[in-house]
Asker: 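Before we start, here is the structure in question, set down as structure tokens.
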Amino acid sequence: MGLVLPLFHLTFFLLSISFNYVGHRTHVFADEALIQLQCRNAEVPPTCIQCVESDPRSQLADKVAIAGIVISCISNSAKTISGNLSDLIAPWLEKEVKRRLRECVTEFSEARTDLAKAINMLKKKDYDETNSLVVKALHQEVECRQSLSQYNISYPYMEYYMTIYEQLSDAALRIVDRF
Ligand SMILES: *[C@@H]1O[C@H](CO)[C@@H](O)[C@H](O)[C@H]1NC(C)=O
Ligand SMILES: *[C@@H]1O[C@H](CO)[C@@H](O)[C@H](O)[C@H]1NC(C)=O
């Protein structure tokens, strides 16, 4: 039963992508307008915009480059979460708790490999494969989150970091879906 809810959620947001957006903005710098436009259909646009604007490459980015920046943000987020989880692993913990933490660290490392591949696929204009790798990396996070919550394993801001990861994944999928 564990994966049903997140998968439903994922399917829902993949199906609910909306195509009716207005592309007109005036008196705004081109890069700013393009970032706003690309992030507009994300479930949480501010998370997407903040990620893109924090990357200096965004100044010269076209929409494909913007998607690449969002995917790098997911990967950076995976790195932070994975680092935080490995910091939690201590010798005195229950064996099962340690096992779950190690499993999560591995899952986030696999997610980062998939996200690096996704950026390559984006460069090759294979957008279907890009999204399928982003979805795969998202599944890794969803599985880890559930496994930790079953064992009441948490650290400060963990929910927040993982939610950002999910919001960035949603943003990337929606941007690439409109290419
Ligand atoms: C998680 O990792 C980041 C980056 O290493 C660090 O800045 C942050 O303080 C860590 N958070 C927690 C709650 O350990
Ligand atoms: C997690 O917490 C809940 C509620 O506090 C408790 O019922 C459950 O037994 C805990 N699970 C584990 C694996 O410790």
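What you see is a predicted model; the values in this text were computed from it and never measured. Counting starts at 1 for both ligands and their atoms, in listed order.
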Asker: Checking a contact table here: which protein heavy atom is nearest atom 2 (O) of ligand 2, and how many Å away?
Answerer: N152 ND2, 2.3 Å
Asker: Between Y165 and Y160, is the ring centroid distance below 6.0 Å?
Answerer: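 Centroid separation for Y165 and Y160: 6.0 Å or greater.
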Asker: Is any heavy atom of the protein nearer than 4.0 Å to atom 7 (O) of ligand 1?
Answerer: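 Given the 4.0 Å limit, the answer for atom 7 (O) of ligand 1 is no, no protein heavy atom qualifies.
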Asker: K98 side chain to P91 main-chain N or O, any donor-acceptor pair under 3.5 Å?
Answerer: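 Present.
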Asker: Please list the nearest protein heavy atom to atom 10 (C) of ligand 1 with its residue and the distance rounded to 0.1 Å.
Answerer: N84 ND2, 2.6 Å
Asker: When you measure from atom 14 (O) of ligand 1 to the protein, is at least one non-hydrogen atom found at a distance under 4.0 Å?
Answerer: yes
Asker: Provide, to 0.1 Å, the distance between atom 9 (O) of ligand 1 and the closest protein heavy atom, together with that atom's residue and name.
Answerer: Y161 OH, 4.6 Å
Asker: Are L168 and V44 co-members of a hydrophobic cluster defined by side-chain heavy atoms under 4.5 Å apart?
Answerer: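 The answer is no; the residues belong to distinct hydrophobic clusters.
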Asker: Under 3.5 Å, is there a donor-acceptor pair between the side chain of S77 and the main chain of C73?
Answerer: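 A pair under 3.5 Å: no.
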Asker: Looking only at side chains, do R174 and Q38 share a donor and an acceptor under 3.5 Å apart?
Answerer: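 No.
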Asker: Is the closest heavy-atom distance from P156 to ligand 1 below 4.0 Å?
Answerer: yes
Asker: Give the numbers and elements of all ligand 1 atoms closer than 4.0 Å to a heavy atom of Y155.
Answerer: 13 (C)
Asker: When you measure from the side chain of T130 to the backbone of L122, do you find a donor-acceptor pair of N or O atoms at a distance under 3.5 Å?
Answerer: yes
Asker: At a 4.0 Å threshold, what atoms of ligand 2 neighbour a non-hydrogen atom of Q150?
Answerer: 11 (N), 13 (C)
Asker: Would you say S147's side chain and E143's backbone share a donor-acceptor pair under 3.5 angstrom?
Answerer: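 It does not hold such a pair.
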Asker: Nearest protein heavy atom to atom 4 (C) of ligand 1, by residue and atom, and its distance?
Answerer: T80 CG2, 3.9 Å
